[in-house]
Novice: 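Structure incoming, see below.
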Protein chains: 2
Amino acid sequence: MEFLGSAMNELCFTQESNRRGRLGRRKVEYDDTREYKSKNLHAERRRRQKLSDRLLALRSMVPIITNMNKATIIEDAITYIQELQQNVKLLSDQLLEMEGSSEEAVQTRSDEINAAEEMKNCGIMEDVQVTNIDRNKLWIKIILEKKRGRFTRLIEAMTYLGLELTDTNVATSKGAMLVSSCVEGSYGDTLTVEQTKDLLLEIIKSI
Amino acid sequence: MEFLGSAMNELCFTQESNRRGRLGRRKVEYDDTREYKSKNLHAERRRRQKLSDRLLALRSMVPIITNMNKATIIEDAITYIQELQQNVKLLSDQLLEMEGSSEEAVQTRSDEINAAEEMKNCGIMEDVQVTNIDRNKLWIKIILEKKRGRFTRLIEAMTYLGLELTDTNVATSKGAMLVSSCVEGSYGDTLTVEQTKDLLLEIIKSI
DNA sequence: TCCTACACGTGACAC
DNA sequence: TGTGTCACGTGTAGG
């Protein structure tokens, strides 16, 4: 049973010291003139080169390399994979938690969509009416989609834009919200019907 | 220059065919009786075993293995790492987007906290008053912390629990919300002052 | 000099 | 039959 023949003594070594780290160096140049015992020499050479290339590629994927050794490259790759897996787990958990906490918001939005549909199904349209009921006093009636916090935003906007509400009534039904109120100018300003109606339309569009 | 001496012909091969896949097989048993030319034989054996172990560990980390080859193991590990990196990027992007969209909610909560503090600083306390103004008609006054959507929830709860609101007035100031309303039983039921006050306190506690 | 890590060619298998 | 993969012992370069 023969193994590792003695014909290898003639192998030619050439000292190329163009080392790239420790891996990937080429110490020996192949001598195509001499005869080899094994026929699978080229296949083995290809196999070695392929494995070396893969290892090099793996090294390029891993950010932190402690050593250039083959074994350490694989070891670093393993720790990097573990790190990535943990990262993925952490992120997905965090994402799941966030989705759980924002479930309420999603529910709210779905409620609002349902409210809008119900409102349209019942033939109720958004509407603004303004009537002069006294000197410097207007009576307004607003019909709008019921959305969470929309009444508060409406009151805030009206107050901010100089409409003082003296008596306000709110009713909600079939996905719609009806607001009727007596308003006057915050600083005793006289309000025209057209002016106020345009103002209210602007407010409703923005909230 | 000597290379690969002929003394290796005596190497003993034993045919163990307990193959685990293709990697990790032990075809050759070491013969400690014979003499070896190289002194670094054991070191080389250790190095080979270590590298093989690392490769085995790497294989165990990667879920999908197309082949048991050394090169393919590394290749699969590379693709797995790329997959994991892409996964991390996707998840972190999604998380960032979610945080951005939930910024509004955080702002709302901070507003509510500020409102509650402002309200307490002004010496305003939550309060419920119920007065009988007519047969089957009560006048109620509620002071409570202003929170987004709380008025809507209040009206919904009152309606659901059998309180019909006939005339309602809402004012917000200094982080507080004042609701005054005339109420009667939804189905003509008579309401007592105590009953209604307890009901309102329950509602406010839960919204 | 010693030690570590590497590439080499080779025989043995497996498909 | 041939092609591909593996482990082996070895020589050598660099520390």
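Here is how names work: the chains are called A, B, and so on, in the same order as the sequence lines, proteins then strands, and each is numbered from 1.
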Novice: From C-beta outward on B:N40, which listed nucleotide comes closest to its side chain: C:dA7, D:dT10, D:dG9?
Specialist: D:dT10
Novice: Tell me: CD1 of B:I73 to P of D:dT5, nearest whole Å?
Specialist: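 B:I73 atom CD1 is separated from D:dT5 atom P by 12 Å.
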Novice: My understanding is that only residues two or more places apart in sequence, or in another chain, count here; which of them pass side chain to side chain donor-acceptor pair (under 3.5 Å) with B:D127?
Specialist: B:Q129
Novice: Taking only N and O in the side chain of B:K39, is any of them less than 4.0 Å away from OP1 or OP2 of D:dT10?
Specialist: no
Novice: Whole angstrom is fine here: how far is it from CG in B:N69 over to P in C:dA14?
Specialist: 15 Å
Novice: Using whole Å, what does the distance between atom P of nucleotide D:dT5 and atom CG of B:L55 come to?
Specialist: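 Computing the B:L55:CG to D:dT5:P distance gives 14 Å.
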Novice: I'd like to know if A:E44 reaches the base of C:dC8 with its side chain such that a donor and an acceptor end up less than 3.5 angstrom apart.
Specialist: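 It does not, because no donor-acceptor pair links the side chain of A:E44 to the base of C:dC8 below 3.5 Å.
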Novice: Under 4.0 Å between a side-chain N or O of A:R48 and OP1 or OP2 of C:dG9?
Specialist: yes
Novice: Using distance alone, with no hydrogens and no angle criterion, decide if B:Y80 and A:Q85 have a side-chain donor and acceptor under 3.5 Å apart.
Specialist: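 Yes, A:Q85 and B:Y80 have a side-chain donor paired with an acceptor closer than 3.5 Å.
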Novice: For B:D53 and D:dC6, give me the distance from atom CG to atom P, rounded to whole Å.
Specialist: 15 Å
Novice: Name the closest nucleotide to the B:K70 side chain, picking from D:dA7, C:dA7, D:dG4.
Specialist: D:dA7
Novice: Rounded to whole angstroms, how far apart are CG on A:L51 and P on C:dA7?
Specialist: 10 Å
Novice: Under 4.0 Å between a side-chain N/O of B:R45 and OP1 or OP2 of D:dG9, yes or no?
Specialist: yes
Novice: Hey, which of B:K120, B:R150, B:K205 is the one that makes salt bridge (charged side-chain N to carboxylate O under 4.0 Å, His left out) with B:E126?
Specialist: B:R150
Novice: Please report, rounded to the nearest Å, how far the P atom of D:dT5 is from the CG atom of A:L41.
Specialist: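 So the CG-P distance, A:L41 to D:dT5, works out to 15 Å.
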Novice: Can you tell me how far CG of A:L84 sits from CG of B:L84, rounded to the nearest 0.5 angstrom?
Specialist: 5.0 Å
Novice: In this structure, how many angstroms lie between the P atom of C:dC6 and the CG atom of A:L56, rounded?
Specialist: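 It is 12 Å, rounded to the nearest whole Å.
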Novice: Please confirm whether the shortest side-chain N or O distance from B:R47 to OP1 or OP2 of C:dT4 is below 4.0 Å.
Specialist: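 Checking B:R47 against C:dT4: no side-chain N or O falls below 4.0 Å of OP1 or OP2.
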Novice: Taking only side-chain nitrogens and oxygens of A:R46, does any of them come within less than 4.0 Å of OP1 or OP2 of D:dG4?
Specialist: yes
Novice: Taking atom types as modelled and ignoring hydrogens, do the side chains of A:N169 and A:S180 form a donor-acceptor contact shorter than 3.5 angstrom?
Specialist: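 The criterion, which ignores hydrogens and geometry beyond distance, is not satisfied for A:S180 and A:N169.
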Novice: Please state how far atom CE in B:M68 lies from atom P in C:dC15, giving the value in whole angstrom units.
Specialist: 13 Å
